[in-house]
Amino acid sequence: MEKIKITFPDKSVKEFDKGVTVFDVASSISSRLASDALVGKLNGKYIDMNSKIEEDGELAILTFRDEEGKMTYWHSSSHLMAHAIQTLYPEAKFGVGPPIENGFYYDFDIDTKLTEDDLIKIENKMLEIAKEKNIFSRSELSKDEAIKLFEEKGDQYKLEILSELDDNEETISIYNEGEFTDLCTGPHVPDVSKIKYVKLLSVSGSYWRGDEKNKQLQRIYGITFPKKKMLDEHLEALEEAKRRDHRKLGKELELFHITPEVGAGLPLWLPNGTILRETLENFLKEEQVKRGYQPVITPHIGNINLYKTSGHYPYYKESQFPTMTFEDSDEEYLLKPMNCPHHFKIFDSKTRSYRDLPIRYAEFGTVYRYEQSGELNGLTRVRCFSVDDSHMFVAQDQLKDEICDVIDLIQTVFSAVGFEDFTTELSFRDDDNEKYGGEIELWEQAQKDLKEAADQMNLEYTIQEGEAAFYGPKIDFIVKDALGRKWQLGTVQVDYVMPERFDLLYVGSDGERHRPVVIHRAPFGSLERFIGVLIEHFAGNFPTWLAPVQAAVIPISQNYFDYAEEVNAKLKENNIRVELDKRNEKVGFKIRDWETKKVPYMLIVGEKEQNTKTVSLRQHKIGDLGSLDLNDFIYNIVDEINSKANNNEERFSSLKKNTA
RNA sequence: GCUGACGUAGCUCAGUCGGUAGAGCACAUCCUUGGUAAGGAUGAGGUCACCGGUUCAAUCCCGGUCGUCAGCUCCA
């Protein structure tokens with residue numbers, strides 16, 4: 001028997017008979033691995049467990065613990081779900097059903113509109129089929145054979161996919177599992193019984209191939225696990241996400257309020273939310289002053305010609321509030337959907353010299369965009385929001401340094417609030433999209449500048465072709481919300497187009513007129529979205545410098561109101577946001593109440609504290625820390641606030657030992 | 001915008017298989033002056049999202065509108 005050499009990820013090499021299956025190899029290592037193994041990776045290619053290995057190679061045997069193993073598992077799960085749907089709804093036509101970051105989905109076309117209740121039925125059917133232990137078997141066939149097969153099944157969507165495949169280049173394969181056959185490149189887990197625990201999460205509409213001109217199919221999202229504990233943990237994580245949801249916390253902590261009586265997507269900032277927002281604004285303003293920005297203020301509306309000049313109108317007409325017109329005048333105004341034109345006009349208000357550059361105008365500019373109703377989402381997608389906008393007018397040779405400074409500013413902002421888990425995308429143009437204006441050379445220059453700046457600042461990024469703004473490429477900073485949805489926050493955009501359209505010029509050292517380059521940038525992006533994500537990031541437990549109420553003074557009874565007033569006044573003198581709780585309630589009640597309001601510190605004062613000029617300190621989520629000198633507390637909390645500390649767990653903890 | 005689900009007190013929710021509604025929390029008043037996560041009593045609070053239709057009668061059934069949620073699409 002001919003032998004082959006297999007190299008494992010730990011670089012060990014073992015010999016096997018030629019034609020050995022991945023499963024055999026796994027069995028030779030351990031029976032545990034043989035039973036956990038889901039898929040093999042031979043020389044970088046994923047293969048089924050029962051695939052025969054015919055030549056030497058590097059083999060990894062993957063289980064659910066591996067990311068790729070998980071993907072295979074969920075991919076197979078989507079087939080199992082499709083199988084269950086086919087059994088329950090024989091008329092079903094199937095679209096696509098891939099694994100995703102957390103689970104899988106399958107798109108299908110059936111006449112009945114499914115509801116959440118139907119999901120249970122499908123779940124049960126899946127578990128029933130899983131028990132049959134059908135194996136996933138692969139067969140390869142010619143395009144004609146495949147077309148014939150799916151014509152017989154009447155699967156028009158599969159036929160559409162097939163018609164676009166080139167069978168000279170790609171092997172066409174199908175996978176069969178029990179009664180269910182699907183066009184699929186694989187690989188799959190050995191048999192359906194590997195899928196043990198199933199939770200179907202939601203059903204919704206989804207356009208075939210993501211094109212709204214196409215028919216809307218139904219999509220079911222689900223997730224599966226080999227162990228019950230994993231499913232329980234996943235469901236618990238979903239519950240936690242619900243608890244962190246900024247829409248829920250925004251209500252509970254009285255940060256903002258959205259009511260249809262004002263308008264969908266038009267948030268009202270309540271006092272607590274306003275403190276949070278203004279604290280962030282002031283922080284950024286200080287940073288911007290250090291970096292040579294000049295504050296400006298512009299109106300909320302503008303003459304429509306501004307947007308005709310910029311090119312935003314009429315291409316984005318659908319996402320604008322309607323224009324304002326007057327009976328006795330031809331003038332038309334628009335609620336401003338962006339701040340750029342106003343800032344351009346400030347630049348253009350007098351002759352600029354190269355000596356003035358870079359010019360950096362900054363404004364927390366409120367803009368209005370008529371987002372589609374189905375897109376509105378708490379604070380993260382609204383119709384009125386404030387951008388921490390700046391437009392910077394620079395000479396070409398200043399561009400890269402300016403971009404670097406902006407990236408540095410965004411990093412400063414993100415690290416101040418403890419955003420560590422973000423991704424960065426460079427969005428470039430693609431050649432065949434007609435939305436992109438301006439000359440190709442300028443675009444290439446801009447993309448080169450951005451990329452060089454990103455590299456110089458050691459950003460780790462991915463490049464997104466065709467995602468650029470119509471006027472230029474950009475760098476976006478993206479974070480995920482509690483539910484795992486991605487939101488773009490900070491952005492830096494290079495723009496050679498608008499200076500042209502607005503005919504912006506400065507006088508160079510040569511006495512000639514030159515075109516500045518514009519950088520659009522916003523570290524927060526929109527205050528609304530940023531704060532929405534921030535609420536979820538901290539789960540409402542804001543660091544002291546951001547907390548709307550930083551400390552609550554709780555007198556034990558009326559007898560200690562005088563001292564409580566004294567403590568309250570002293571904290572106020574030190575600019576600490578403090579509330580004195582004189583309600584006619586017991587201490588336990590008040591503690592519970594302030595705890596649910598997530599206030600960082602509670603200062604409990606009674607006879608003992610009054611006599612010794614101390615406070616009994618209780619820290620949010622940590623509990624009673626014993627008493628300390630009022631002045632010591634003030635010194636520490638002021639230091640904590642001024643340093644914008646994101647973590648105060650250790651700050652007062654030494655006290656606890658003293659009193660224990 | 002599309003598909004589906006949902007909309008009952010400030011909040012979280014129950015309820016009515018068609019006969020105009022209820023709890024807990026929050027709020028107000030009173031009693032209680034209490035030492036580290038809910039003291040007690042009383043009270044006020046709702047055109048059951050809105051507009052039509054069916055019906056003797058609609059919060060409940062039907063249609064539309066608005067809004068919310070999930071996903072799709074979109075996102076200057």
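Reminder, nothing fancy here: chain letters follow the sequence lines and each chain counts from 1.
Note on A:Phe589: only backbone sugar-phosphate atoms sit closer than 4.0 angstrom, heavy atoms only; bases stay farther off. The residue A:Gly606 sits close to a base: some heavy atom pair falls under 4.0 Å. Within 4.0 Å of A:Gln320, counting heavy atoms only, lies at least one base atom of the nucleic acid. Among the atoms of the strands shown, base atoms are found under 4.0 Å from some heavy atom of A:Glu609. At the heavy-atom level, A:Ser202 lies under 4.0 Å from the strands shown only through sugar-phosphate atoms.
Mapping A:Thr115 and A:Gly374 onto RNA chain B by nearest heavy atom places A:Gly374 at the nucleotide closer to the 5' end. Along RNA chain B, the nucleotide nearest to A:Tyr221 and the one nearest to A:Ala264 differ in position, and the one closer to the 5' end is contacted by A:Ala264.
Nucleotides B:C17 and B:A41 have their C1' atoms positioned 39 Å apart, rounded to a whole Å. One P atom belongs to B:U68, the other to B:A26, and the distance between them is 29 Å to the nearest Å. Rounded to a whole angstrom, the distance from the P atom of B:C6 to that of B:C62 is 11 Å. Taking the C1' atoms as reference points, B:A37 lies 28 Å from B:A44, given to the whole Å. The same atom, C1', is picked in B:G22 and in B:G35; the two are 38 Å apart, to the nearest Å. Here, B:U3 and B:A9 have their C1' atoms 33 Å apart, quoted to the whole Å. Here the separation of B:G15 from B:U42, taken at their C1' atoms, is 26 Å to the nearest Å. Taking the C1' atom of each, B:G10 and B:A49 are spaced 16 Å apart, rounded to whole Å.
Each of B:C72, B:C27, B:G35 was ranked by its minimum atom distance to the side chain of A:Arg583; first place goes to B:C27. Residue A:Ser373 places its side chain closer to B:G1 than to any other of B:G1, B:A37, B:G34. When the nucleotides B:G34, B:G71, B:G4 are ranked by their closest atom to the side chain of A:Ser204, B:G71 comes out on top. Closest approach to the A:Glu371 side chain among B:C75, B:C2, B:G71 is made by B:C75 (side chain taken as heavy atoms from C-beta onward). Counting only heavy atoms from C-beta on, A:Ile604 has its side chain closest to B:G35 among B:G35, B:G1, B:G4. The side chain of A:Asn559 lies closest to B:U33 when the candidates are B:G35, B:C72, B:U33.
Checked by atom type and distance alone, the side chain of A:Lys474 never pairs as donor or acceptor with a backbone atom of A:Leu426 at under 3.5 Å. At least one donor-acceptor pair closer than 3.5 Å links the side chain of A:Asp245 to the backbone N or O of A:Arg247.
For the residue pair A:Ser627/A:Thr614, the side-chain donor-acceptor check at 3.5 Å is not satisfied.
Contact annotation: A:Arg247 side-chain N/O to B:U68 OP1/OP2 distance is not under 4.0 Å. Contact annotation: A:Arg381 side-chain N/O to B:C74 OP1/OP2 distance is not under 4.0 Å. In terms of phosphate contacts, A:Lys251 brings a side-chain nitrogen or oxygen within less than 4.0 Å of OP1 or OP2 of B:U12. For the OP1/OP2 pair of B:A70 and a distance below 4.0 Å, the side-chain nitrogens and oxygens of A:Asn377 include at least one atom meeting the criterion. Side-chain nitrogen and oxygen atoms of A:Arg529 include none within less than 4.0 Å of the OP1 or OP2 phosphate oxygen of B:C75.
Between A:Tyr601 and A:Phe652, the ring center distance clears the sub-6.0 Å criterion. Aromatic rings from A:Tyr361 and A:Phe347 are positioned such that their centres are separated by 6.0 Å or more.
Taking the six-membered ring for Trp and thresholds of 30 and 60 degrees, A:His246 and A:Phe256 have ring planes inclined between 30 and 60 degrees apart.
A:Ile634 has its side chain within reach of A:Leu630: a pair of non-hydrogen atoms, C-beta onward, lies under 4.5 Å apart. Between A:Leu217 and A:Arg219 the shortest side-chain heavy-atom distance does not fall below 4.5 Å.
Taking CG of A:Asp389 as the start and NE2 of A:His342 as the end, the distance is 11.5 Å to the nearest 0.5 Å.
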Item to check | Pairing pattern in dot-bracket form [Watson-Crick, G-U; both distances under 3.5 Å; | = partner strand] for RNA chain B | outcome: (((((((..((((.....[..)))).(((((.......))))).....(((((..]....))))))))))))....
